[in-house]
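Structure first, commentary second.
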Amino acid sequence: MKKVSIIIPTYKRPDFLDRAIDSVFRQDYENIEIIVIDDNGLGTIEQIQTYKKIEKYIKLKKFKYLAHETNLNGSCARNTGIKNSSGSYICFLDDDDQFEPNKISKQVKLLENHAENWGACYSGHTRIYPTGAKFIHIPKHRGDLYFEILASKIDLCAGSTLMIKSEVINKVGYFDESFLRHQDIEFILRISRYYKIEVEMDSLVNIFMHPDSNRSKNAEQFEVRKKYFLDKFNAAIKILPENKQRYIFFNHNIDIAKQYFKQKNIKKGLGYVKASRNPLKGLYKIFLDSTAYYFRQMLIKIGR
(Lines give C-alpha, C1' and ligand atoms only; values in the text may rest on other atoms or scores of the structure.)
Protein backbone atom coordinates (compact mmCIF):
# COMPACT_ATOMS: atom_id res chain seq x y z
CA MET A 1 0.00 0.00 0.00
CA LYS A 2 1.64 3.21 -1.19
CA LYS A 3 1.86 6.19 1.15
CA VAL A 4 -0.27 9.28 0.47
CA SER A 5 0.79 12.69 1.79
CA ILE A 6 -1.99 15.17 2.49
CA ILE A 7 -0.82 18.79 2.69
CA ILE A 8 -3.06 21.26 4.54
CA PRO A 9 -1.96 24.91 4.30
CA THR A 10 -3.63 27.12 6.91
CA TYR A 11 -3.94 30.87 7.28
CA LYS A 12 -6.24 32.77 9.66
CA ARG A 13 -8.82 29.96 9.89
CA PRO A 14 -8.05 27.97 13.06
CA ASP A 15 -11.74 27.37 13.81
CA PHE A 16 -12.17 25.03 10.82
CA LEU A 17 -8.79 23.29 10.84
CA ASP A 18 -9.63 20.32 13.08
CA ARG A 19 -12.61 19.47 10.86
CA ALA A 20 -10.27 19.22 7.87
CA ILE A 21 -7.68 17.18 9.78
CA ASP A 22 -10.28 14.80 11.25
CA SER A 23 -11.70 14.14 7.78
CA VAL A 24 -8.27 12.84 6.72
CA PHE A 25 -7.87 10.67 9.82
CA ARG A 26 -11.29 9.15 9.02
CA GLN A 27 -10.10 7.88 5.63
CA ASP A 28 -10.58 4.19 4.87
CA TYR A 29 -7.02 4.22 3.47
CA GLU A 30 -4.41 3.63 6.19
CA ASN A 31 -1.00 4.57 4.80
CA ILE A 32 -1.17 8.35 5.05
CA GLU A 33 0.72 11.30 6.47
CA ILE A 34 -0.84 14.68 7.25
CA ILE A 35 1.32 17.79 6.91
CA VAL A 36 -0.13 21.05 8.24
CA ILE A 37 1.70 24.15 7.04
CA ASP A 38 0.98 27.17 9.25
CA ASP A 39 1.40 30.31 7.12
CA ASN A 40 0.29 32.80 9.78
CA GLY A 41 3.79 33.73 10.97
CA LEU A 42 5.39 32.65 14.23
CA GLY A 43 4.09 34.44 17.31
CA THR A 44 1.00 35.92 15.67
CA ILE A 45 -2.36 35.52 17.39
CA GLU A 46 -3.53 33.29 14.55
CA GLN A 47 -0.46 31.05 14.81
CA ILE A 48 -0.93 30.63 18.54
CA GLN A 49 -4.62 29.83 18.04
CA THR A 50 -3.75 27.37 15.28
CA TYR A 51 -1.20 25.57 17.44
CA LYS A 52 -3.76 25.19 20.24
CA LYS A 53 -6.12 23.60 17.73
CA ILE A 54 -3.61 21.08 16.43
CA GLU A 55 -1.75 20.37 19.69
CA LYS A 56 -3.79 17.21 20.27
CA TYR A 57 -2.40 15.74 17.03
CA ILE A 58 1.28 16.63 17.54
CA LYS A 59 2.40 13.30 18.99
CA LEU A 60 0.60 11.21 16.38
CA LYS A 61 2.96 9.32 14.08
CA LYS A 62 1.09 10.26 10.92
CA PHE A 63 1.00 13.99 11.68
CA LYS A 64 3.47 16.83 11.00
CA TYR A 65 3.15 20.51 11.88
CA LEU A 66 5.41 23.08 10.22
CA ALA A 67 5.15 26.85 10.76
CA HIS A 68 6.52 29.60 8.52
CA GLU A 69 8.42 32.33 10.36
CA THR A 70 6.41 34.95 8.44
CA ASN A 71 3.34 34.87 6.22
CA LEU A 72 4.39 33.91 2.70
CA ASN A 73 1.46 32.73 0.54
CA GLY A 74 -0.53 29.65 -0.42
CA SER A 75 1.95 28.57 -3.09
CA CYS A 76 4.86 28.76 -0.66
CA ALA A 77 2.89 26.80 1.96
CA ARG A 78 2.08 24.04 -0.51
CA ASN A 79 5.72 23.91 -1.63
CA THR A 80 6.88 23.61 1.99
CA GLY A 81 4.50 20.68 2.37
CA ILE A 82 5.73 18.97 -0.80
CA LYS A 83 9.38 19.33 0.25
CA ASN A 84 8.60 17.69 3.60
CA SER A 85 6.44 14.89 2.22
CA SER A 86 7.39 11.25 1.71
CA GLY A 87 4.32 9.86 -0.04
CA SER A 88 4.08 8.32 -3.50
CA TYR A 89 0.96 10.41 -3.97
CA ILE A 90 0.29 14.01 -2.94
CA CYS A 91 -3.07 15.52 -2.03
CA PHE A 92 -3.93 19.05 -0.94
CA LEU A 93 -6.74 20.07 1.38
CA ASP A 94 -7.79 23.63 2.18
CA ASP A 95 -8.10 24.24 5.92
CA ASP A 96 -11.88 24.76 5.74
CA ASP A 97 -12.66 21.86 3.37
CA GLN A 98 -13.37 18.23 4.16
CA PHE A 99 -12.58 14.89 2.51
CA GLU A 100 -15.21 12.19 2.20
CA PRO A 101 -13.98 8.97 3.95
CA ASN A 102 -13.25 7.16 0.65
CA LYS A 103 -11.57 10.06 -1.14
CA ILE A 104 -8.02 8.76 -0.98
CA SER A 105 -8.77 5.08 -1.55
CA LYS A 106 -10.88 5.76 -4.65
CA GLN A 107 -8.26 8.01 -6.23
CA VAL A 108 -5.35 5.69 -5.45
CA LYS A 109 -7.24 2.78 -7.03
CA LEU A 110 -8.05 4.91 -10.07
CA LEU A 111 -4.44 5.93 -10.70
CA GLU A 112 -3.06 2.46 -9.93
CA ASN A 113 -5.23 1.06 -12.73
CA HIS A 114 -3.79 3.46 -15.33
CA ALA A 115 -0.54 3.64 -17.26
CA GLU A 116 2.36 5.86 -16.17
CA ASN A 117 1.32 8.70 -18.50
CA TRP A 118 -1.71 9.36 -16.27
CA GLY A 119 -0.09 11.63 -13.68
CA ALA A 120 -2.97 12.96 -11.59
CA CYS A 121 -6.68 12.78 -10.95
CA TYR A 122 -9.38 15.05 -9.60
CA SER A 123 -12.94 14.49 -8.46
CA GLY A 124 -16.37 15.97 -7.98
CA HIS A 125 -17.17 18.13 -4.99
CA THR A 126 -20.10 19.49 -3.00
CA ARG A 127 -20.41 23.16 -2.07
CA ILE A 128 -22.16 23.60 1.28
CA TYR A 129 -23.60 26.97 2.35
CA PRO A 130 -24.42 28.29 5.85
CA THR A 131 -28.13 28.13 4.98
CA GLY A 132 -27.86 24.38 4.43
CA ALA A 133 -27.96 24.61 0.63
CA LYS A 134 -25.79 22.06 -1.18
CA PHE A 135 -24.67 21.99 -4.80
CA ILE A 136 -22.93 18.92 -6.19
CA HIS A 137 -20.55 19.29 -9.13
CA ILE A 138 -19.48 16.16 -11.01
CA PRO A 139 -16.83 16.86 -13.69
CA LYS A 140 -16.51 14.75 -16.82
CA HIS A 141 -13.38 16.03 -18.57
CA ARG A 142 -10.50 13.53 -18.58
CA GLY A 143 -7.36 12.74 -20.52
CA ASP A 144 -5.57 15.61 -22.23
CA LEU A 145 -6.96 18.62 -20.34
CA TYR A 146 -4.47 21.28 -21.44
CA PHE A 147 -6.98 23.21 -23.55
CA GLU A 148 -9.83 22.82 -21.05
CA ILE A 149 -7.70 24.24 -18.22
CA LEU A 150 -6.48 27.16 -20.35
CA ALA A 151 -10.11 27.90 -21.22
CA SER A 152 -11.21 27.84 -17.53
CA LYS A 153 -13.49 24.85 -18.06
CA ILE A 154 -12.15 22.84 -15.08
CA ASP A 155 -13.23 23.51 -11.47
CA LEU A 156 -10.57 22.17 -9.09
CA CYS A 157 -11.83 23.89 -5.93
CA ALA A 158 -8.42 25.30 -5.01
CA GLY A 159 -6.79 21.91 -5.46
CA SER A 160 -8.66 20.05 -2.72
CA THR A 161 -9.94 17.47 -5.23
CA LEU A 162 -6.49 16.69 -6.65
CA MET A 163 -4.27 13.67 -6.20
CA ILE A 164 -0.86 13.80 -7.94
CA LYS A 165 1.94 11.28 -8.29
CA SER A 166 5.01 12.61 -6.48
CA GLU A 167 7.20 11.65 -9.46
CA VAL A 168 5.12 14.03 -11.57
CA ILE A 169 5.96 16.94 -9.27
CA ASN A 170 9.63 15.98 -9.52
CA LYS A 171 9.35 16.50 -13.28
CA VAL A 172 7.15 19.61 -13.59
CA GLY A 173 8.37 21.45 -10.50
CA TYR A 174 6.71 23.12 -7.54
CA PHE A 175 3.91 25.68 -7.36
CA ASP A 176 4.73 29.04 -8.96
CA GLU A 177 5.08 31.33 -5.93
CA SER A 178 4.39 34.44 -8.02
CA PHE A 179 0.72 33.37 -8.22
CA LEU A 180 -1.10 34.80 -5.18
CA ARG A 181 -4.36 33.11 -6.23
CA HIS A 182 -5.39 30.35 -8.63
CA GLN A 183 -1.98 28.75 -8.15
CA ASP A 184 -3.67 25.35 -8.38
CA ILE A 185 -4.80 26.10 -11.95
CA GLU A 186 -1.31 27.13 -13.03
CA PHE A 187 0.15 24.05 -11.37
CA ILE A 188 -2.22 21.50 -12.89
CA LEU A 189 -1.86 23.21 -16.27
CA ARG A 190 1.87 22.48 -16.22
CA ILE A 191 1.12 18.88 -15.29
CA SER A 192 -1.35 18.57 -18.16
CA ARG A 193 1.39 19.45 -20.67
CA TYR A 194 3.12 16.14 -19.94
CA TYR A 195 0.49 13.84 -18.42
CA LYS A 196 -3.11 12.79 -18.83
CA ILE A 197 -5.46 13.56 -15.94
CA GLU A 198 -8.19 11.18 -14.78
CA VAL A 199 -11.45 12.12 -13.08
CA GLU A 200 -13.32 10.31 -10.30
CA MET A 201 -16.95 11.03 -11.13
CA ASP A 202 -18.11 11.17 -7.53
CA SER A 203 -18.26 13.98 -4.96
CA LEU A 204 -15.28 13.30 -2.69
CA VAL A 205 -14.71 16.74 -1.17
CA ASN A 206 -17.00 19.08 0.77
CA ILE A 207 -16.32 22.77 0.16
CA PHE A 208 -17.76 24.95 2.92
CA MET A 209 -18.78 28.38 1.69
CA HIS A 210 -18.42 31.34 4.06
CA PRO A 211 -19.51 34.97 3.80
CA ASP A 212 -16.01 35.83 2.55
CA SER A 213 -15.81 32.93 0.09
CA ASN A 214 -16.17 35.29 -2.86
CA ARG A 215 -13.62 37.79 -1.63
CA SER A 216 -11.46 36.99 -4.65
CA LYS A 217 -14.23 38.13 -7.02
CA ASN A 218 -13.55 41.86 -6.69
CA ALA A 219 -13.68 42.82 -10.38
CA GLU A 220 -10.46 44.83 -10.45
CA GLN A 221 -8.45 42.13 -8.66
CA PHE A 222 -10.11 39.44 -10.77
CA GLU A 223 -9.10 41.33 -13.93
CA VAL A 224 -5.47 41.62 -12.79
CA ARG A 225 -5.26 37.90 -12.02
CA LYS A 226 -6.84 36.91 -15.32
CA LYS A 227 -4.44 39.09 -17.28
CA TYR A 228 -1.47 37.74 -15.34
CA PHE A 229 -2.57 34.19 -16.11
CA LEU A 230 -3.00 34.95 -19.83
CA ASP A 231 0.34 36.76 -20.02
CA LYS A 232 2.08 33.88 -18.24
CA PHE A 233 0.74 31.33 -20.72
CA ASN A 234 0.54 33.49 -23.82
CA ALA A 235 3.22 31.49 -25.62
CA ALA A 236 1.43 28.22 -24.80
CA ILE A 237 -1.86 29.60 -26.07
CA LYS A 238 -0.33 30.88 -29.31
CA ILE A 239 0.76 27.41 -30.42
CA LEU A 240 -2.83 26.13 -30.30
CA PRO A 241 -5.11 26.20 -33.37
CA GLU A 242 -6.61 29.63 -34.00
CA ASN A 243 -10.16 28.55 -33.13
CA LYS A 244 -9.00 27.32 -29.71
CA GLN A 245 -7.07 30.55 -29.12
CA ARG A 246 -10.21 32.56 -29.85
CA TYR A 247 -12.25 30.40 -27.50
CA ILE A 248 -9.75 30.84 -24.65
CA PHE A 249 -9.61 34.63 -24.96
CA PHE A 250 -13.39 34.77 -25.41
CA ASN A 251 -13.98 32.86 -22.17
CA HIS A 252 -11.55 34.92 -20.11
CA ASN A 253 -12.86 38.25 -21.42
CA ILE A 254 -16.45 37.26 -20.71
CA ASP A 255 -15.50 36.08 -17.22
CA ILE A 256 -14.04 39.52 -16.51
CA ALA A 257 -17.08 41.24 -18.03
CA LYS A 258 -19.40 39.28 -15.72
CA GLN A 259 -17.51 40.47 -12.64
CA TYR A 260 -17.79 44.10 -13.72
CA PHE A 261 -21.50 43.72 -14.46
CA LYS A 262 -21.99 42.28 -10.96
CA GLN A 263 -20.41 45.45 -9.57
CA LYS A 264 -22.70 47.48 -11.88
CA ASN A 265 -19.74 48.86 -13.82
CA ILE A 266 -21.51 48.61 -17.16
CA LYS A 267 -18.89 50.55 -19.13
CA LYS A 268 -16.02 48.25 -18.14
CA GLY A 269 -18.19 45.19 -18.58
CA LEU A 270 -19.17 46.16 -22.12
CA GLY A 271 -15.53 46.88 -22.89
CA TYR A 272 -14.64 43.27 -22.16
CA VAL A 273 -17.68 42.02 -24.08
CA LYS A 274 -16.32 43.90 -27.08
CA ALA A 275 -12.81 42.54 -26.43
CA SER A 276 -14.21 38.99 -26.63
CA ARG A 277 -14.58 39.58 -30.41
CA ASN A 278 -18.01 38.01 -30.40
CA PRO A 279 -20.26 40.48 -28.52
CA LEU A 280 -23.60 38.83 -29.33
CA LYS A 281 -22.43 35.40 -28.23
CA GLY A 282 -20.78 37.00 -25.20
CA LEU A 283 -23.92 38.82 -24.09
CA TYR A 284 -25.96 35.66 -24.56
CA LYS A 285 -23.49 33.68 -22.42
CA ILE A 286 -23.60 36.37 -19.73
CA PHE A 287 -27.41 36.26 -19.77
CA LEU A 288 -27.47 32.47 -19.35
CA ASP A 289 -24.76 32.46 -16.67
CA SER A 290 -26.34 35.36 -14.78
CA THR A 291 -29.76 33.71 -14.82
CA ALA A 292 -28.24 30.52 -13.41
CA TYR A 293 -26.27 32.55 -10.83
CA TYR A 294 -29.27 34.47 -9.49
CA PHE A 295 -31.41 31.33 -9.44
CA ARG A 296 -28.70 29.63 -7.39
CA GLN A 297 -28.50 32.61 -5.03
CA MET A 298 -32.25 32.30 -4.47
CA LEU A 299 -31.89 28.60 -3.65
CA ILE A 300 -28.99 29.34 -1.28
CA LYS A 301 -31.08 31.88 0.62
CA ILE A 302 -33.89 29.40 1.22
CA GLY A 303 -31.45 26.59 2.02
CA ARG A 304 -32.26 24.32 -0.92
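Computation of the quantities below employed the complete heavy-atom set of this structure, encompassing side-chain atoms and omitting hydrogens, waters and symmetry-equivalent molecules. If you're wondering where the values come from, they're calculated on a predicted model, not measured in any experiment.
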Taken to the nearest 0.5 Å, the spacing of Phe187 CZ from Phe92 CZ works out to 5.0 Å

Q) Would you call Asp176-Arg190 a salt bridge at under 4.0 Å N-O? A) no

Q: State whether Lys226 and Asp231 are salt-bridged, where the test is any N-O pair (Lys NZ or Arg NE/NH1/NH2 against Asp/Glu carboxylate O) under 4.0 Å.
A: no

> Can Asp22 and Arg19 be counted as an ion pair, charged N to O under 4.0 angstrom?
Replying inline: no

Next on the checklist: Can you confirm whether Asp96 sits close enough to Leu17 that some side-chain heavy atom of one is under 4.5 Å from a side-chain heavy atom of the other?
Outcome noted: no

Review point. Is it true that a side-chain atom of Ser160 and a backbone atom of Asp94 form a donor plus acceptor pair closer than 3.5 Å?
Key: yes

inquiry  = Using only atom types and a distance under 3.5 Å, with no angle test, would you say the side chain of Thr126 pairs donor to acceptor with the backbone of Ser203?
reply    = no

Side chains of Cys91 and Ile7, heavy atoms from C-beta outward: is any pair under 4.5 Å?
no

Requested in this report: Please check if the distance between the ring centroids of Phe222 and Tyr260 is under 6.0 Å.
Outcome: no

| query | Can you tell me if Glu33 uses its side chain to pair, donor with acceptor, with the backbone of Ser86 under 3.5 Å? | reply | yes

**Item:** Cation-aromatic face contact Arg296/Phe135, 6.0 Å, 45 degrees
**Value:** yes

Is there a side-chain contact between Lys267 and Asn265 in this structure, where contact means two heavy atoms from C-beta onward sitting under 4.5 Å apart? yes

Checklist entry - Is the shortest heavy-atom distance from the side chain of Val4 to the side chain of Tyr29 under 4.5 Å? => result yes

Quick one: are Ile21 and Tyr57 in side-chain contact, heavy atoms under 4.5 Å? yes

Point to revise | Check: Pro14 main-chain N/O paired with Gln49 side-chain donor or acceptor under 3.5 Å | key: no

Taking the six-membered ring of Phe25, is NZ or CZ of Lys62 closer than 6.0 Å to its centre and within 45° of its axis? no

Exercise for review: Measure from the ring center of Tyr51 to the ring center of Tyr65 and say whether it is less than 6.0 Å.
Suggested key: yes

Of Leu145, Val172, Ile197, the one forming a side chain to side chain contact (heavy atoms under 4.5 Å, CB included) with Ile188 is Ile197

ask   = Is it true that a side-chain atom of Ser290 and a backbone atom of Phe287 form a donor plus acceptor pair closer than 3.5 Å?
value = no

Can you check whether Glu177's main-chain N or O pairs, donor with acceptor, with Asn73's side chain at less than 3.5 Å? yes

* Please confirm whether the backbone N or O of Glu100 pairs with a side-chain atom of Gln27, one donor and one acceptor, at under 3.5 Å? => yes

### Query
Short question: side chain of His210, backbone of Phe208 - any donor-acceptor pair under 3.5 Å?
yes

Is Asp39 reaching over with its side chain to a backbone N or O of Leu72, donor-acceptor style, under 3.5 angstrom?
yes

The residue among Lys106, Arg142, Lys165 that forms salt bridge (Lys or Arg N to Asp or Glu O under 4.0 Å) with Glu198 is Arg142

Practice item. For atom NZ of Lys274, decide whether the heavy atoms of other residues, nucleotides or ligands shown that lie under 6.0 angstrom number more than 12. Key: no

Tell me, do Lys134 and Met209 make a side-chain contact under 4.5 Å, heavy atoms counted?
no

Taking the six-membered ring for Trp and the single ring otherwise, decide whether the centroids of Phe229 and Phe233 are under 6.0 Å apart.
yes

*asked:* Please check: side-chain N/O of Asn102 versus main-chain N/O of Ser105, any donor-acceptor pairing under 3.5 Å?
replied: no

(request) Look at the side-chain heavy atoms of Ile, Leu, Val, Met, Phe, Trp and Tyr, link any pair under 4.5 Å apart, and say whether Tyr247 and Ile149 land in one connected group. (result) yes

* **Salt-bridge contact Asp155-Arg127 (side-chain N to carboxylate O under 4.0 Å)** => yes

message = Quick check with a 6.0 Å cut-off and a 45 degree axis cone: is Lys103 positioned over the face of Phe99's six-membered ring?
response = yes

